Amino acid sequence: MRHATIIKNGSPSFDRFVTRLLCSYAYLGYTADALRLFENISNPDTFQWNVMIRGLIEVGLDLDVYIGNSFISMYGKTGCIDFAEKVFDEMPMRDSVSWNSMIGGYALDGDGWKSLLCFQEMMECGIEADRFSVISALTACSLVKSVKHGMEIHYHVIRCGLLSDVMVQTTLVDMYCKCGNVAFAEHLFNSMFQRNIVAWNSLIGGYSLNDHPHEALLTSVEMQERDKINPNPITLVNLLPACAQLRGLSRGKLIHATAIRRGFFPFLVLETAIVDMYAKCGELRSAEQLFEQMMEKNLISCNAMIAAYVQNGQNRKAMELFHNLEKGSVKPDAVTIASIIPACAELALLRPGRQIHGYATKNGYSSNTFILNPLIYMYAKCGDLQAAQRIFDSMLFRDVVSWNTIIMAYAIHGFGRTSIEIFTQMQEKGLKPNGSTFVSVLSSCSIAGMVDEGWMYFNSMQQDYNINPQIEQYGCIADLLGRTGDLEKAESFILDMSLVPTSWIWESLLAASRNARNIELAESTAERILALEHDNTGCYVLLSNMYAEAKRWEDVDSMRALMKKEILEKTRGCSIIEINSLTSSFFNNDTSHIETNTIHEVLDFLSQKIREGIQTTPIKFKPTDILRTEASLPRSHSVRLAICVGLISTTVGTPILV
DNA sequence: GTAGGGTTAG
C-alpha cells in the first residue's frame, strides 16, 4: 500500500525517497521487499538497477573477484565511492586490480589523502605497486599538492623500473606542475624519449597554472613545430588562461577561431574556458555572446558567466543570472556563492547578501576562506562594519586577502588609523603584504590625512617588499596629496609617475580641486579626463556644481547645454535603507515613498537644526548666494531621505544603515 | 573474453 502511494506521486524528492528505500531493503537483506518495490518503478535509472544487482549478489553468492572489481570500478566512476568501499571491504579475495580501482576511485572522488592512504595500505599488504597504482597515486599527490609524496612515488617508480612508461612519465610531469614545481616538470619532460599530446598538454597547462603565460604559448608552438602535433581541444583549454594572464585578447580570439575552424565545438569545457578568457580580457560582450549560444550549460559555465559579469562591473546582470540559476533546478555551490557576494557588495544589497551568507552557512561553505573574504567586504560595503569584524574574528584561517579586506573595511568607514593598526598586527603575525595590501594601507593614510606615514609606506612597499607601484598605489598617493590640499604636489606627482596617468587617477585630482574650490585646476584636469573619456559625466556634473558654488551661472548653463549636446545621462545616485526586512531606495528629490510627507517634515526639521548649528561658523557666501547654491544642489539628497525614513521607522538608539 | 591508468572549464 505504501509503495503504491509513493510511486503515484513521482516528484523528484519522492524519486530520491524511493531510491533510498530501495537501498535500505536491498542492503539489509530484505530482498523480496526490494524486488517488489523495484517492480513498481516504471523506469528504473542506472543507479536503481545497480542497487538491485548489488543487493541480489550480496545475498546470493560470495563475490567473485572479477565481479567485485567490476563493481568497485563502476561505483568509483559513478561517484558512489561509499558503495565501492563497501564492496572492497566485503570482498573475500582482493587482487591488485581491486586495490588500484580503490586508489583510482578515491582520486576520482577528489579525496587525495584517502587515495594515498589506500596506496600505502596496499604496499603494507605486500602488494607491489604497478603502473596503474602509481598513476592514480600521483594524481592523488596533485590533488593534495604534496610534492613530498610525489617525489617518494617518483623514487619508487625509478626503483621498480616503471620510469620508461610514457604514461607514468606524463603523470609525473603533471604532478610536478600541479604541485608548483615547474622546473622539475620541465626537466622530466625534456628527458622523455617520446612525447605525445597529453604530455605536451600537461606541460602547457603547467605553465599556465604557474603564471608562465609566455612559456605556455611558446610550448604550444614548439609542439607543432618540433613534434608536428596539432593542438586538440584540451591544448586550447590549457592555453586560454595564459591569454587571460597576458590580457592578450588577440591571442584569445585566435584560439577561439582555431576552435571553430577545427570543429571543436560544441565542447562545454572549451566553451567555458573561452567565456572566462573573454571576461578576464575585459571583453564581456564576446563572453556573453558565446555563453548565450552554448548548446549545453552546467553549473561551472554559469559560474564562469556570473564571475564574468562581476569582474566587468555588471553586478545587476550577475544577480539576474544567479536568480535564474536558483529558479531552475541548479543548486548554487561554493564557487557561485564566492562570485555573487562581491556583486551584493557593490550593489549594497545587504539583505540578499545576508541571505546568501545564510545559504552558505547552511551548506557548510562558510568555513572557506574564499567565501568569508568576500563576506567581510560585503558587510563592510553595506555599512555593517561590526559584522565584517565578527567574520574576520571567527576565521580559522586568514590569508593575505582576509587582512587586506578588513584593512580596507575600516578605511571605507573612515577609520584610517584603525586600519593602520590592523596592518601592523598583520606584519607582526609574519604575513607578507602584497600590492593590494598597500592599496588598503595607502587609502587608509589618505582617509586619515596621514601624509608622512603614507609616503613612508609607499617607500617601504618598494624597498622592503620589492613591490613596484602600479596605477592603484600611485592613485592612493595622488589622492593623499589631493586630500591634504597640496594640489600642486599632487599634480606634479601624477605627471612624474613612471606609468601613463589614467582618467581614474586624474579624477582624484579633480575631486581634490573641487574640495579646495580651485576652479582653474578643476577645468584643466577635467580637460585631461575628457581627452581620455569623452563621455565622463562625472566631470560635467562636478564642474557645473563648482560653477554654481562660485555663482558663475552662465558657466553652469553652458555646462548643462554641453551635457545635453553630448546627450549624456547624469548617473543617478541611489541610497538604500532596510527597515524590518523591507528595502526602500531613494534618488535625489525622491517623493515616491509612501511616507514622503512625514519624511519631508523630518527633513525640514533636521535641516533647520543643522542650519542653526552652522550659524556659529563663518559663512562663506552671502545669504542670497546660499539660496541659489542650495537651489542648484539636490534639495533633498537621497542619503538624507533614507536617513529620515530610518529615523521615523525605528526606535531611538537603533543604528541606521544606509 | 571478463576488472584498473595520464592532459580538460568556474
Side-chain angles (χ1 to χ4, degrees), chain A residues 63-77 84 87-88 91 94-105 107-108 115 122 129-140 142 162 165-175 177-178 185 189 192 195-206 208-209 223 229 231-241 244 259 264 267-277 279-280 287 290-291 294 296-311 321 325 332-340 370:
Chain A
L63 268 175
D64 176 86
V65 72
Y66 275 116
I67 297 171
N69 289 346
S70 303
F71 273 113
I72 297 173
S73 158
M74 179 198 66
Y75 285 132
K77 279 175 189 158
V87 179
F88 181 80
M91 278 172 90
R94 297 182 197 114
D95 62 6
S96 63
V97 178
S98 330
W99 283 98
N100 290 343
S101 302
M102 260 341 273
I103 298 166
L108 218 59
S115 176
M122 177 187 77
D130 60 13
R131 48 205 291 273
F132 293 101
S133 0
V134 156
I135 286 167
S136 295
L138 284 171
T139 309
S142 302
L162 292 168
D165 186 294
V166 185
M167 271 195 196
V168 173
Q169 287 173 327
T170 306
T171 317
L172 275 167
V173 168
D174 185 58
M175 181 276 295
C177 286
K178 297 258 164 68
F189 181 84
M192 281 173 79
R195 296 173 285 252
N196 57 23
I197 192 157
V198 181
W200 281 101
N201 286 347
S202 298
L203 188 66
I204 293 169
S208 288
L209 186 72
M223 171 180 91
I229 296 175
N232 69 4
I234 293 165
T235 319
L236 302 191
V237 168
N238 282 325
L239 279 172
L240 285 160
F264 291 164
F267 181 32
L268 186 57
V269 175
L270 180 55
E271 287 161 316
T272 307
I274 297 174
V275 166
D276 183 57
M277 178 277 297
K280 293 201 169 117
L290 179 60
F291 181 74
M294 281 164 66
E296 192 195 343
K297 287 165 196 164
N298 64 4
L299 182 60
I300 299 180
S301 58
C302 290
N303 286 347
M305 198 58 227
I306 289 174
Y309 283 131
V310 175
Q311 283 159 13
L321 181 54
L325 201 74
D333 69 356
V335 181
T336 325
I337 302 304
S339 311
I340 201 67
F370 74 100

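Keep in mind it's a predicted model, so treat the numbers as computed, not measured. Order of the sequence lines fixes the chain letters, A, B, ..., with proteins taken first and strands second; residue numbering starts at 1 for each chain.
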| request: Can you spot which of A/Tyr75, A/Trp99, A/Phe71 makes a ring-ring contact (aromatic ring centres under 6.0 Å, His included) with A/Phe88? | output: A/Trp99
With the side chain counted from C-beta on, respond yes when [X] and [Y] share a heavy-atom pair under 4.5 Å apart, and no when they do not.
X	Y	value
A/Thr170	A/Met192	yes
A/Ser142	A/Asp174	yes
A/Leu162	A/Asp130	no
A/Asp95	A/Asn69	yes

Nearest-neighbour nucleotide for the [X] side chain, [options] considered:
X	options	result
A/Asp174	B/dG5, B/dA3, B/dT7	B/dT7
A/Ile300	B/dA9, B/dT7, B/dG4	B/dA9
A/Ile234	B/dG6, B/dG4, B/dT8	B/dT8

| query | Per the atom types in the model, does the base of B/dA9 pair as donor or acceptor with the side chain of A/Asn298 at under 3.5 Å? | reply | yes
| request: Check whether the side chain of A/Asn201 and the base of B/dG6 form a donor-acceptor pair under 3.5 Å. | output: no
Just how far, in rounded Å, is [atom2] of [N] from [atom1] of [X]?
X	N	atom1	atom2	result
A/Asn100	B/dG4	CG	P	11 Å
A/Asn196	B/dG5	CG	P	17 Å
A/Leu172	B/dT7	CG	P	12 Å
A/Met102	B/dG5	CE	P	13 Å
A/Phe88	B/dG4	CZ	P	16 Å
A/Met167	B/dG4	CE	P	13 Å
A/Trp99	B/dG5	CH2	C1'	18 Å
A/Gln311	B/dA9	CD	P	16 Å

Looking at [X], I'd like to know whether one of its side-chain N or O atoms comes within less than 4.0 Å of OP1 or OP2 on [N].
X	N	result
A/Lys178	B/dT8	yes
A/Lys297	B/dA9	no
A/Thr170	B/dT7	no

Heavy atoms under 4.0 Å, any strand shown: does [X] hit a base, just sugar-phosphate, or nothing?
X	result
A/Ser202	sugar-phosphate
A/Lys77	sugar-phosphate
A/Val237	sugar-phosphate
A/Ile306	nothing
A/Asn238	sugar-phosphate
A/Thr171	sugar-phosphate

| request: State whether a side-chain donor-acceptor pair under 3.5 Å links A/Asp333 with A/Thr336. | output: yes
| said: So is the aromatic ring of A/Tyr66 stacked onto the base of B/dT2, judging by whether the centres are under 5.5 Å apart and the planes are under 30° apart? | reply: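 Ring-base stacking flag set for A/Tyr66 and B/dT2.
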| task | Report yes or no: is the ring centroid of A/Phe132 under 5.5 Å from the six-membered base ring centroid of B/dG5, with the two planes under 30 degrees? | result | no
